[in-house]
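Reviewing the structure listed below.
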Amino acid sequence: MKAAVIESLGRAVVTEVPDPAPGPREVVVEVAACGLCGTDLHILQGEFAPKLPIVPGHEFAGTVVATGAQVTEVTTGDRVAVDPSLYCYECRYCRSGHNNLCERWAAIGVTTAGGAAQYAVAPVANCVKLPEHVRTEDAALIEPLSCAVRGYDVLRSRLGSHVLIYGSGTMGLMMLELAKRTGAASVDMVDLNPARLETARLLGVSGAAAGADEFDRPGGWDVVVDATGNAAAIQDGLGRVAKAGTFLQFGVADYATRVQIDPYRIYNQEITITGSMAVLHSYERAAELFANGALDPGVFISDRLPLERYPQALEQFAAGVGRKIVVVP
């Protein structure tokens with residue numbers, strides 16, 4: 001079969017690889033679409049993936065074409081979205097319900113072959129059937145949405161909160177949509193990319209600007225979310241949190257990224273600084289939200305490129321051109 005392969009540091013190619021075969025409790029999915037994510041860029045840069053080469057792609061959906069001997073939950077022809085998370089269920093974090101912090105954490109498309117290919121293998125337990133009205137080629141959006149749902153689980157946001165989001169890429173826009181659904185009084189967005197800010201305006205953001213100084217909120221925001229992983233944005237955002245407010249580190253920063261905090265202010269103003277790591281008990285809920293129209297695929301997916309152009313798709317994504325880019329085998 002044909003697959004994208006990150007062969008080595010900074011090098012991705014499309015080549016032929018062996019067809020996958022399912023284990024007893026696994027299925028083979030014919031991929032309809034696979035989304036690109038910042039994690040893929042980190043893998044390309046030598047981070048996250050324990051070893052190369054690897055077939056990337058942890059945001060995908062498709063049709064079941066083969067099932068293992070012990071699979072009864074789905075059958076050939078079922079359309080599914082796939083949760084890429086792979087946990088050991090044995091370590092102290094799994095046993096305490098923090099599976100996303102598993103000591104043996106793994107993921108389809110990060111530690112094992114993923115969905116940037118014609119076919120991918122997944123545990124049947126990770127497959128969520130799609131309702132008839134959901135297009136399979138749109139359902140690659142469910143995995144990033146499940147990360148955003150996890151982010152809002154961490155926030156435990158109150159009704160009527162004022163929210164500031166740094167970054168109006170795919171993840172920032174998803175956080176915008178969830179903020180609206182969880183009763184935010186206002187949602188402002190900061191981005192240096194005018195085209196992305198236009199999309200935020202299209203989705204009904206309260207305010208959109210290149211810098212937080214352009215907003216009239218001298219007391220700060222109840223919730224500040226970084227969806228960029230950029231040190232300058234994070235540093236600025238930490239200073240915009242209102243008293244008793246929360247800063248959520250949602251964007252994936254480079255390992256070497258460093259910022260400064262003000263311990264006295266954190267103590268004196270009871271500011272919470274927290275993070276959100278990937279998916280946790282949120283994939284099925286994201287699938288239901290998606291099926292109920294939480295996201296408009298026509299807005300969120302800006303480019304659908306053939307799998308053969310995966311290296312070019314990575315370059316486009318790295319350049320910040322477009323919103324969600326998906327490759328179609």
Side-chain angles (χ1 to χ4, degrees), residues 97 100 131 134 138 141-191 196-209 211-212 214-228 233-234 236-251 266 269-300 323-324:
N100 61 328
V134 172
D138 294 337
L141 288 171
I142 292 174
E143 195 279 339
L145 179 59
S146 71
C147 294
V149 171
R150 168 60 182 161
Y152 264 86
D153 287 346
V154 170
L155 282 172
R156 299 177 182 175
S157 189
R158 296 189 307 168
L159 290 170
S161 294
H162 295 282
V163 180
L164 174 64
I165 301 172
Y166 285 77
S168 53
T170 301
M171 300 312 301
L173 294 174
M174 287 187 178
M175 295 299 276
L176 162 63
E177 293 291 64
L178 293 184
K180 289 158 52 180
R181 284 176 170 259
T182 52
S186 68
V187 188
D188 297 316
M189 299 198 78
V190 171
D191 202 306
R196 288 185 169 180
L197 285 180
E198 280 304 312
T199 304
R201 293 187 181 98
L202 175 66
L203 293 177
V205 73
S206 305
E214 297 182 39
F215 301 117
D216 183 20
R217 192 161 295 281
W221 286 261
D222 303 307
V223 175
V224 177
V225 178
D226 173 68
T228 69
I234 297 167
D236 189 69
L238 286 167
R240 306 288 180 175
V241 185
K243 293 180 180 180
T246 299
F247 178 89
L248 174 67
Q249 186 55 50
F250 184 67
I266 294 168
Q269 299 183 7
E270 294 193 346
I271 291 171
T272 299
I273 300 175
T274 188
S276 173
M277 163 59 184
V279 183
L280 180 64
H281 312 313
S282 54
Y283 196 89
E284 286 79 4
R285 286 181 290 147
E288 290 195 58
L289 284 169
F290 188 76
N292 289 330
L295 304 180
D296 181 351
V299 172
F300 275 82
R323 294 176 296 281
K324 176 57 67 177

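None of these values were measured; they are calculated from a predicted model.
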Counting only N and O atoms by type, is there a donor-acceptor contact under 3.5 Å from the side chain of [X] to the main-chain atoms of [Y]?
X: D222; Y: H162; value: yes
X: S282; Y: V279; value: no
X: Q249; Y: G251; value: yes
X: D191; Y: S168; value: yes
X: T170; Y: K324; value: yes

Would you call [X] and [Y] a side-chain contact if the rule is heavy atoms closer than 4.5 Å?
X: L203; Y: F300; answer: yes
X: V154; Y: F250; answer: no
X: D153; Y: H281; answer: no
X: M174; Y: L141; answer: yes
X: Y166; Y: R240; answer: yes

Specify the closest pair of heavy atoms between [X] and [Y], including all atoms of both residues, with the distance to one decimal.
X: R323; Y: G298; answer: NH2-O, 4.4 Å
X: F290; Y: P297; answer: CZ-CG, 3.9 Å
X: A227; Y: G167; answer: CB-O, 4.2 Å
X: G160; Y: A185; answer: O-CB, 3.4 Å
X: A212; Y: W221; answer: O-CH2, 4.0 Å
X: A200; Y: M189; answer: CB-SD, 3.6 Å

*Just wondering, more than 12 heavy atoms not from R285 lying within 6.0 Å of its CZ?*
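Yes, CZ of R285 has more than 12 neighbouring heavy atoms, counting only those of other groups under 6.0 Å.
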*Only one of V223, L178, I165, L164 passes side chain to side chain contact (heavy atoms under 4.5 Å, CB included) with V187; say which it is.*
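With V187 as partner, V223, L178, I165, L164 yield a single side chain to side chain contact (heavy atoms under 4.5 Å, CB included), made by I165.
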*From the options T199, L197, L176, D188, select the one residue that forms a side chain to side chain contact (heavy atoms under 4.5 Å, CB included) with V205.*
L176
*Taking it one step at a time, do L155 and V225 satisfy side-chain contact (heavy atoms from CB on, under 4.5 Å)?*
CA-CA 10 Å; L155 282 172; V225 178; 4.3 Å; yes
If you round to the nearest 0.5 Å, how far is [atom2] of [Y] from [atom1] of [X]?
X: Y283; Y: C147; atom1: OH; atom2: SG; result: 10.0 Å
X: D216; Y: E214; atom1: CG; atom2: CD; result: 12.5 Å
X: L145; Y: L289; atom1: CG; atom2: CG; result: 6.0 Å

*Please step through salt bridge (charged side-chain N to carboxylate O under 4.0 Å, His left out) for the pair K180 and E177, ending with a clear verdict.*
CA-CA 5 Å; K180 289 158 52 180; E177 293 291 64; 2.7 Å; yes
*asked:* Test side-chain contact (heavy atoms from CB on, under 4.5 Å) on D226 and F247; report intermediate values, then the result.
replied: CA-CA 8 Å; D226 173 68; F247 178 89; 3.9 Å; yes
*Tell me, with the steps shown, if S276 and L248 meet side-chain contact (heavy atoms from CB on, under 4.5 Å).*
CA-CA 7 Å; S276 173; L248 174 67; 3.9 Å; yes
